[in-house]
> 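The structure under discussion is supplied below as structure tokens; questions concerning it will follow.
Every number for a ligand or one of its atoms is a count from 1 in the order of the listing.
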Amino acid sequence: MNYEIVIGLEVHLQLNTKSKAFCGCSTDFGSAPNSQVCPVCLGFPGSLPVLNRQALELGAKVAITLNCQIAKKIRFDRKNYFYPDLPKGYQISQFNQPLAQKGFLAIEILQSFGLQDEPSAINIEKNNSMAQKKIRIRRVHLEEDTGKLFHQKDSSLIDFNRSGIPLLEIVSEPDLSSPQEAYLYLTALKSILEYIDVSDCNMEEGSLRCDANISVRKKGDRELGTKSEIKNMNSFKGVKLALEYEANRQISLLEEGGRIIQETRLYNAEKGITEPMRSKEDAHDYRYFPEPDLAPFNFEEDHLELIEKDIPELPEPKKNRFLKDYQLSNYDAGIMASDKDIADYFERCAALYDNPKTVANWLMGDILAYMKDNNILIKDLNLKPEHLSGMLKMIDSGVITGKIAKTLLIEAIQTGKEPGKLVKEKGLEQISDISLLEAAASQVIAENPKTAEDFKNGKDSALMFLIGKVMQKTKGRANPSKVNEILREKLKGAQ
Ligand code: ADP
Ligand code: MG
Ligand code: ZN
């Protein structure tokens, strides 16, 4: 491909403060429309904003985490425009002097070494390894949210509960080179934001929104191409798909001799395309000016230190520690560290059970699958770390089979009961009495003479079928390798 893709992302984050940015109204999601409003967030003349200290602190926490320089002087500006969801006629935001600037976020990408344009799959395997890429953060600033419009057939309704909720805008430099990198950036950003507990980052509820800017240019060109800005994506996948579509659209247009115009486009998820919304010609002139009702102020140095102390170990250092302390693979460590609650759970189990790799396997396999299927978070999971480690110990000591453990696990989650108790209650102990296994094996051979014959005639796969039958008969309580042994012995003897 002769083109290079250039992407910069603007992320709006709803900060999880109890009250709004400039008044005391609640920020609870899902309350009755217009039940969380006051003269300030409804924009009544004469009402005065007071900055929410927690919003400022959460913003600073994000800025520090993203390696930004925090402004010496904090000030706000008015961004003026008219819209029905903005009763004041302006939004309090930050223009020339944002809260913070010049940070970066590292993402992990698959890096190719000395490859030509379209590498074959085999080359990718051989020649690629993981590499870090630093995506520069241009600015981080605080602003307030608008109300929400609901358009009906003949009328529109407005809910002002959202009006005045603190938002943090995080703007990247155009350092992302593919839709996949944009996806990785968003995933890494979300993981960090969840770690530092500043937002619930729920894209469906609108607490995390992303506008994506994209342009293309001929390889080797120094100047950036004309960009379009895409809005209206409601998942990270959606962002990636919208960018893929848009990159192809721009490249085809240029190839046909056309010209890209700077415009805002909307992603249509149903059709999988982007459609024009407005061009730069009707771009707003916001007539920014300093917000006269909020005096500029300085951050005290020890205040920033206190905020910094509140930042926990972040995903990347945690992953490195997991690699070292628990000898997990790169992939496993990455998954275990990607979510703070999962990481904590993993460490609590690893402290109780001496094979961390096995803990990671169960977590990544059956447990995460169960959580996903039932839409529950690990903090709501009804399985104590002691219960999981207890179950793993029962497998090791031969009390139960691995097969039984799989169903036992689900039962333990559903009932919250201790797995050891469940084993006793339900009689799930592994059958240790060899004569019982031998009886079951003889029975299975007698019931499946043809398969037994096949095995004797050299068809190895026939044995798997017979083992399966014995496992069925013993309701999973037999040790499969014992059964294998016994069946082989019996069939050999019968020859
Ligand atoms: P605007 O004034 O239209 O909002 P900005 O210069 O403020 O544009 O940039 C907004 C976002 O767009 C940033 O994330 C930036 O990295 C990205 N961006 C700017 N120029 C380009 C470009 N030519 N191609 C891709 N992204 C760009
Ligand atoms: Mg923009
Ligand atoms: Zn209010």
> Are any of the N/O atoms on Thr226, whether in the backbone or the side chain, positioned under 3.5 angstrom from an N/O atom of ligand 1?
no
> Measure from atom 26 (N) of ligand 1 to every heavy atom in Asn213, Asp175, Ile260 and give the option owning the shortest one.
Asn213
> I'd like to know if Lys79 pairs up with Glu143 as an ion pair, taking the criterion as any Lys NZ or Arg NE/NH1/NH2 lying under 4.0 Å from an Asp or Glu carboxylate oxygen.
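Salt bridge between Lys79 and Glu143, a charged N being under 4.0 Å from a carboxylate O: no.
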> Among Tyr90, Tyr288, Tyr286, which residue satisfies the ring-ring contact (aromatic ring centres under 6.0 Å, His included) criterion with Tyr81?
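Considering Tyr90, Tyr288, Tyr286, a ring-ring contact (aromatic ring centres under 6.0 Å, His included) with Tyr81 is found only for Tyr286.
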> Between Arg249 and Glu246, does at least one N-O distance fall below 4.0 Å, as a salt bridge requires?
yes
> Going by the atom numbers of ligand 1, which of them fall below 4.0 Å from some non-hydrogen atom of Pro174?
16 (O), 26 (N), 27 (C)
> Could you list which atoms of ligand 1 come closer than 4.0 Å to a heavy atom of Ser215?
22 (C), 23 (N), 24 (N), 25 (C)
> Would one find an N or O of Glu229, backbone or side chain, under 3.5 Å from an N or O of ligand 1?
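There is no such contact.
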> Under 4.0 Å from a heavy atom of Gly8: give me the atoms of ligand 1 that qualify, with their elements.
14 (O), 16 (O), 17 (C), 26 (N)
> Nearest non-hydrogen atom to atom 27 (C) of ligand 1 belongs to which of Lys227, Glu173, Glu223, Gln262?
Lys227
> Between the side chains of Lys190 and Glu194, is the shortest nitrogen-to-carboxylate-oxygen separation below 4.0 Å, so that they form an ion pair?
yes
> Below 3.5 Å, N or O to N or O, backbone or side chain included: is there any such pair between Gly225 and ligand 1?
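Checking ligand 1 against Gly225, an N or O pair does fall under 3.5 Å apart.
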> Do the side chains of Arg78 and Glu291 get close enough for a salt bridge, i.e. N-O under 4.0 angstrom?
yes
> How open is the angle at the Zn ion (ligand 3) from atom SG of Cys41 over to atom SG of Cys23, rounded to 10 degrees?
110°
> Between Arg348 and Asp344 (salt bridge meaning N to carboxylate O under 4.0 Å), is one present in this structure?
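So Arg348 does not pair with Asp344 through a salt bridge.
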> Determine, stepwise, if the pair Lys219 / Glu4 fulfils salt bridge (charged side-chain N to carboxylate O under 4.0 Å, His left out).
CA-CA 5 Å; Lys219 267 199 181 144; Glu4 223 164 56; over 6 Å; no
> Backbone or side chain, does any N or O of Arg138 fall under 3.5 Å from an N or O of ligand 1?
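Yes, there is a polar N/O contact under 3.5 Å.
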> With heavy atoms under 4.0 Å as the rule, classify the contact between Val171 and ligand 1 as side chain, backbone, both or neither.
side chain
> Answer with side chain, backbone, both or neither: which part of Leu9 has a heavy atom less than 4.0 angstrom from an atom of ligand 1?
backbone
> Decide if the gap between the ring center of Phe322 and the ring center of Phe346 is smaller than 6.0 angstrom.
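Yes, the ring centres sit under 6.0 Å apart.
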